[in-house]
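Just below is one structure, and these are the notes that go with it.
Proteins come first, then strands; the chains are lettered A, B, ... in the order of their sequence lines, and each starts at number 1.
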Amino acid sequence: MGLLKDWDYVEQAVRIPALAEVIREALIRALFVRDDRVLPASIIGDLNRLPPVTVKVKEDGEVRKLIRVLNGEESTVSLGLNAEDYHFFRTQLGVGRTREFGLTMRPRVLLTYDWIVPEQRGVQLDFTAYAGVEFAEDGHRAIAQVGALWKRLYDDALAAGHLVPFVPTVPLDFAIGDAVCGDAPFGSFRGGFASYVNALRTISPYGHRARIGFEEVANNGTAYDLLHASIPLASEFFVPVAVALRLEAKPGARKTLTYAFDDPAKVSIALDKVSRVGPGIQWVHLTDAVAAKTLRPGPAEAFAVQVSLGTTATGIAAKEKVVDAALAGFKAKTADAPNPFDAPAEAYRKTAEAVARALFVGEVRIPAKSFGDFAGKVRAFGDQSAAKAGIYGSLGSTGIVSAFPSFSAPKDRIKVYDLSKGVRAIVARIPGAAFTGRLTHLWEEEPNFLRRMALWREMKLQIDAAHVVQPLVAP
Amino acid sequence: MASLDYAYRRLVNTLGPERVARSEFERMVYSHDFASLPKIALLQWRLYPDFVALPQTTEEVSGVVKLSDESLLQITPRGGGTGWCGGSVPNRGGVLIDMRKMNHILGIDPDGRTVAVEAGVSWKEVEDFVEAKGFALPHVPLNAIGSTVGGAINSGSTGFGGLRGGSLRDAVANLDVVLPDGSLLKTASGADAGGALADLTPLFFGAEGTLGIVTKAVLRLIPKPELTRPLTYSFPELPAAGRFLKAIVDAGLTPYHAAAVDRDHFVFERALRSDTPEPVDLALVAVQGSKDEVADQEKALDALASKEGGAKLPPAVGDGLWRERHNNYGARRLSRGLMISYNLVPLRRLPEAVETAARIRDKLKLNGSVQAHLVDSTTAALNPYVLMDDTRPSGGTALGFVKRMGDAAFKMDGHPMGLGLFLVFNLRKMHGNATSAYSAVKGVLDPRKKINGGKTFEVWTKYPWPGLRAIPPPGMAIGLEVAAILRRAKPTRDRFVRAYEHSKEG
Ligand SMILES: Cc1cc2nc3c(=O)[nH]c(=O)nc-3n(C[C@H](O)[C@H](O)[C@H](O)COP(=O)(O)OP(=O)(O)OC[C@H]3O[C@@H](n4cnc5c(N)ncnc54)[C@H](O)[C@@H]3O)c2cc1C
């Protein structure tokens with residue numbers, strides 16, 4: 001389960017003489033949907049094989065030990081398993097035989113879809129029980145173990161006088177670790193998740209505790225910024241077990257404003273304008289009518305823009321005025337809709353469950369001015385494909401909307417693939433837009449992109465020379 | 001290795017004679033950066049480059065880099081040369097690439113809110129350009145006049161705007177980099193993919209020219225704020241100013257800049273310029289926004305400052321300091337040399353950090369100033385400077401201050417910034433078990449260690465003989481510790497120090 005692993009697998013598959021005839025895109029499709037008319041049975045067998053052992057992590061020491069066992073540095077006995085588990089572990093992993101097996105982290109919640117190549121014969125790590133959160137005594141920093149629920153971090157932080165600046169654009173019940181080993185779309189008006197990460201506590205492929213970055217401070221001027229470069233792929237280089245997060249002070253006053261728009265052109269212009277309003281905005285989320293209905297009771301306008309303000313008690317009225325002016329053209333405005341992230345945990349989870357029923361294909365990044373155009377095209381595409389489309393989005397101060405099209409369709413791999421392809425075709429026609437879904441990484445053939453991926457691959461092979469953390473495998 | 005004359009001819013063929021320098025004088029100019037290195041350093045390194053190359057295009061940079069495969073000469077990239085740990089100074093001679101002829105602003109994209117620039121342009125030029133078009137840079141290095149775009153990115157610089165606009169890393173959308181094999185890499189995709197699509201841009205943040213040569217950058221822009229108002233408050237002691245800076249963050253305020261500066265700085269400045277404010281420990285805070293926002297923030301700041309015993313100074317003081325914000329090290333003219341120690345410390349420990357810096361300075365019988373500024377909601381930069389006379393053999397002992405400050409930063413859960421030539425020993429302390437992952441990155445991008453080799457994981461010397469070719473990084477640390485001890489034992493004070501103390505008493 002990993003992007004580099006999938007990419008490398010595809011790169012190698014296109015070089016197999018028997019598959020060389022198949023054009024790259026058709027091959028990716030065949031691999032993704034496990035098409036037995038195109039692929040040999042042995043490959044289908046590999047792709048369908050799930051990791052035989054799942055370890056529920058309670059302490060990071062267990063991961064260290066496991067790595068040392070997999071590296072042959074310690075015997076399986078040191079894992080302290082009972083006789084039955086011990087036997088199972090050894091037979092399933094083939095310990096004692098000359099096989100390579102790896103470790104993979106299982107995300108708590110996946111927004112989109114599983115990767116193509118599962119961990120072939122290794123161990124899957126389940127971090128749901130490794131979920132502690134610790135706040136600095138006097139400072140806006142938290143250390144969250146990867147299994148900690150984002151919602152819990154958010155609630156506990158507010159209670160302790162901090163604000164977790166990043167929120168999920170699509171409100172699923174993510175764990176923090178889902179942003180490093182899965183696809184949780186966290187962000188704020190001012191930056192993406194990575195901007196709020198000071199450090200990752202990881203276990204290296206050699207079983208050592210290795211901290212990437214600095215827990216208490218920013219990492220400027222400490223050689224290459226490996227931390228921020230690697231965050232999207234971190235779980236393919238190390239096993240991240242906790243994240244040191246940069247929080248902010250809980251603002252003196254907070255307010256959530258909801259603006260309804262009925263016109264795609266107007267909402268696009270308004271979004272572009274509000275993206276130019278400086279600090280004081282925590283996040284700006286947008287939904288079309290389909291998404292809004294899932295999130296909130298009551299009638300839904302064509303588009304709703306929710307703005308979360310956080311500033312001084314004396315400054316908030318002025319800020320609201322500025323936002324009102326920027327969002328001119330709205331049909332209605334209300335300050336009654338509550339901040340969806342402040343909802344009680346149970347209510348939040350229920351909403352998350354409803355949202356999770358839809359099929360998501362990944363993120364589209366799009367200039368605010370083109371948002372309405374994109375939304376229209378996605379809706380029409382959904383109608384054509386018998387998969388009613390909706391949109392969840394988040395606006396950044398760069399003027400880019402991070403949009404997640406959703407479809408009401410069964411989540412089978414063929415549907416996921418075809419809908420992803422359709423979204424890609426729409427995005428290709430919108431200047432300045434990018435589809436960053438995982439499949440795009442496999443489709444993309446731009447030479448600079450291929451070069452960068454190849455460099456990442458090289459770095460992975462150097463950093464994980466032991467081939468332990470999601471090792472690359474050949475078809 | 002090809003002869004130097006042959007290498008020279010090949011360079012001239014690539015760039016033309018007017019853009020390749022090899023005179024003693026020119027080479028000497030490039031043998032140091034902003035840090036004052038004692039002459040004794042020449043015993044260890046060949047600080048003078050063999051040639052200075054001044055390329056004007058990415059293709060020329062690539063050409064020069066490729067030539068080093070034939071000549072086997074080391075490459076040292078250099079921007080404004082204002083770094084303070086020797087990153088832009090050669091250790092084994094070779095070809096120094098001065099990027100400052102690549103100083104064009106290539107174009108602004110008002111819709112995409114970005115500006116494309118060549119790496120050798122100064123931040124001030126870019127700032128002036130974008131401001132004329134109604135935009136601003138979210139992050140500007142403190143040394144905007146002297147530092148180049150490529151140099152600041154490679155230094156991982158902090159600066160103005162961090163708390164409000166995010167780090168410099170986040171303000172860079174894309175880079176063109178000539179890699180050590182001479183090929184060109186665009187570090188991100190053309191559209192803003194938010195870090196996806198294998199974005200390698202952050203890797204070059206703080207890389208100190210060891211991974212490749214940045215030739216172009218696409219920088220993000222924000223709308224120009226309606227108003228910027230500098231405010232100054234005097235405090236009974238510097239730690240109180242430190243507490244004030246922390247209180248700003250705790251109150252959720254986001255000024256454009258907030259710094260604490262001790263009175264000693266103004267004593268030095270007074271000796272040079274009569275219009276310097278009365279020496280006091282003070283905080284300089286610049287707020288931005290609409291008139292209403294600025295007024296609201298000012299009120300909140302006034303209240304926070306008075307809680308710490310701060311007194312507001314007249315607007316003229318703030319205006320003057322803000323105008324001069326890029327010129328911080330005038331004191332260098334008093335003493336001939338200056339060492340700056342640049343560190344990041346947890347904001348919550350800032351009051352303790354400024355006290356620690358002053359204590360170390362005083363213990364080493366040095367004169368200098370303690371300064372700090374906000375970097376983000378968890379981090380403050382602590383950047384004291386000390387005066388040194390590098391024309392005297394004892395001058396170099398001031399380098400021990402940088403070592404001691406770095407150690408103190410680690411103790412406070414922070415870290416020193418920069419590795420350059422003489423702080424390489426900090427790398428392992430910074431990254432512990434992760435160091436090998438960092439070394440893997442260099443191994444992949446520059447397997448032959450062509451660009452700024454021997455500066456990150458090992459300390460190369462100028463000597464070709466096995467055993468002496470490199471010294472273990474901890475050896476450097478011991479050297480600097482010895483310097484600190486010598487400094488402490490120094491019985492007499494420097495000439496300029498006596499003069500300074502006289503003015504301080506007066
Ligand atoms: C008044 C003053 C204030 C300062 N304030 C700060 C501050 O607030 N924060 C801070 O972090 N630093 C500060 N500095 C230190 C220094 O100025 C900065 O690090 C600066 O940004 C370096 O830029 P430069 O162009 O002078 O780079 P140089 O000193 O020329 O080079 C710095 C490093 O980058 C490499 N390099 C330069 N250009 C390129 C390129 N195009 N491609 C690849 N590598 C390259 C060099 O090899 C070297 O390792 C200050 C310095 C002064 C004199």
Problem - Which atom of B:D376 lies closest to which atom of A:A218, heavy atoms considered - result: OD2-CB, 3.7 Å
Practice task
For A:T436 and B:A196, indicate whether the former's side chain and the latter's backbone hold a donor-acceptor pair under 3.5 Å.
Solution key: no
Practice task
May I ask you to decide if A:I212's main-chain N or O and B:H431's side chain share a donor-acceptor pair within less than 3.5 Å?
Solution key: no
Fill in the blank from the handout: Per-residue tally against chain B (heavy atom, under 4.5 Å) across A:G187, A:G399, A:G432 peaks at A:G399
Exercise for the section: Sort out for me which of A:P279, A:G139, A:A249 touches chain B most, counting heavy-atom pairs under 4.5 Å. Expected result: A:P279
Practice task
Test side chain to side chain contact (heavy atoms under 4.5 Å, CB included) on A:N219 and B:R169 and set out the steps.
Solution key: CA-CA 11 Å; A:N219 72 346; B:R169 177 192 59 247; 3.9 Å; yes
Exercise for the section: Examine whether an atom of B:I222 lies under 4.5 Å from a heavy atom of chain A, and if so say whether it belongs to the side chain, the backbone or both; otherwise answer neither. Expected result: neither
Exercise for the section: Compare all side-chain heavy atoms of B:D413 with those of A:E215 and state whether any distance is below 4.5 angstrom. Expected result: no
Completion exercise
Scored by heavy-atom pairs under 4.5 Å with chain B, the best of A:S275, A:P205, A:A433 is A:S275
Problem - Proximity breakdown for A:F238 and chain B, heavy-atom pairs closer than 4.5 Å - result: side chain
Handout entry: Within-4.5 Å side-chain heavy-atom neighbours: A:T398 and B:R113
Key = no
Problem - pair B:V444-A:W456: side-chain heavy atoms closer than 4.5 Å - result: no
Problem - NZ/NE/NH1/NH2 to OD/OE distance under 4.0 Å, A:R451 and B:D181 - result: yes
Handout entry: Structural part of A:T222 lying under 4.5 Å from a heavy atom of chain B
Key = both
Exercise for the section: Side chain from CB out, backbone as N, CA, C, O: work out which of these in B:L445 comes under 4.5 Å of a heavy atom of chain A, or both, or neither. Expected result: side chain
Problem - Among A:Q462, A:E137, A:K250, residue most engaged with chain B (heavy-atom pairs, under 4.5 Å) - result: A:Q462
Exercise for the section: Pick one of side chain, backbone, both or neither for A:I400, based on which atoms fall under 4.5 Å of a heavy atom in chain B. Expected result: side chain
Problem - Ion pair B:K246/A:D138, N-O distance below 4.0 Å - result: yes
Exercise for the section: Would you check if the side chain of A:R452 reaches a backbone N or O of B:A198 as a donor-acceptor pair within less than 3.5 Å? Expected result: yes
Practice task
Decide whether B:D170 and A:S195 meet the rule of one side-chain donor and one side-chain acceptor closer than 3.5 Å.
Solution key: yes
Problem - Most contacts with chain A, counted as non-hydrogen pairs under 4.5 angstrom, among B:M412, B:Q297, B:K299, B:E293 - result: B:E293
Exercise for the section: Examine whether an atom of B:T210 lies under 4.5 Å from a heavy atom of chain A, and if so say whether it belongs to the side chain, the backbone or both; otherwise answer neither. Expected result: side chain
Fill in the blank from the handout: Heavy-atom closest pair (B:L427 atom, A:A223 atom, distance to 0.1 Å) is CD1-CB, 3.8 Å
Practice task
Please state whether the side chain, the backbone, both or neither of A:P232 comes within less than 4.5 Å of a heavy atom of chain B.
Solution key: side chain
Practice task
Could you check if a side-chain atom of A:V217 sits within less than 4.5 angstrom of a side-chain atom of B:T378, using non-hydrogen atoms only?
Solution key: no
Problem - Whether A:R211 side chain and B:N433 backbone form a donor-acceptor pair below 3.5 Å - result: no
Practice task
Counting only heavy atoms closer than 4.5 Å, note whether B:A188 contacts chain A via side chain, backbone, both or neither.
Solution key: backbone
Practice task
Would you please say whether a donor-acceptor pair under 3.5 Å links the side chains of B:D296 and A:T312?
Solution key: yes
Practice task
Please answer whether the main-chain N or O of A:A318 pairs with a side-chain N or O of B:D292 as donor and acceptor at a distance below 3.5 Å.
Solution key: no
Handout entry: Residue A:E444 versus chain B: region with a heavy atom under 4.5 Å
Key = neither
Exercise for the section: Below 4.5 Å from any heavy atom of chain B, which atoms of A:K319 appear? Answer side chain, backbone, both or neither. Expected result: side chain
Exercise for the section: State, yes or no, whether a side-chain contact exists between B:R348 and A:E216 at a heavy-atom distance under 4.5 Å. Expected result: yes
Exercise for the section: Might you point out which heavy atoms bring B:L197 and A:F449 nearest each other, and give the distance in Å? Expected result: O-CD1, 3.6 Å
Handout entry: Contacting region of B:F204 [heavy-atom separation from chain A under 4.5 Å]
Key = neither
Problem - Heavy-atom closest pair, residues B:A440 and A:I463 - result: CB-CG1, 3.7 Å
Practice task
May I ask you to test the B:L203-A:L226 pair for a side-chain heavy-atom distance under 4.5 Å?
Solution key: yes
Problem - Minimum side-chain heavy-atom gap A:R141-B:P346 below 4.5 Å - result: no
Exercise for the section: Heavy-atom pairs under 4.5 Å with chain B are the metric here; pick the option from A:S204, A:G315, A:A434, A:P431 that has the most. Expected result: A:G315
Exercise for the section: Could you check if a side-chain atom of A:H140 sits within less than 4.5 angstrom of a side-chain atom of B:D250, using non-hydrogen atoms only? Expected result: yes
Problem - Nearest heavy atoms of B:S377 and A:L247, plus distance in Å - result: OG-O, 2.6 Å
Fill in the blank from the handout: Greatest number of non-hydrogen atom pairs under 4.5 angstrom with chain B, of A:G213, A:A229, A:A210, falls to A:A229
Exercise for the section: Pick one of side chain, backbone, both or neither for A:N198, based on which atoms fall under 4.5 Å of a heavy atom in chain B. Expected result: side chain
Fill in the blank from the handout: Of all heavy-atom pairs linking A:F214 and B:M430, the shortest is CE2-O, 3.4 Å
Problem - Per-residue contact mode, B:L179 against chain A (heavy atom under 4.5 angstrom) - result: side chain
Problem - Which atoms of A:S397 approach chain B - backbone, side chain, both or neither, heavy atom under 4.5 Å - result: backbone
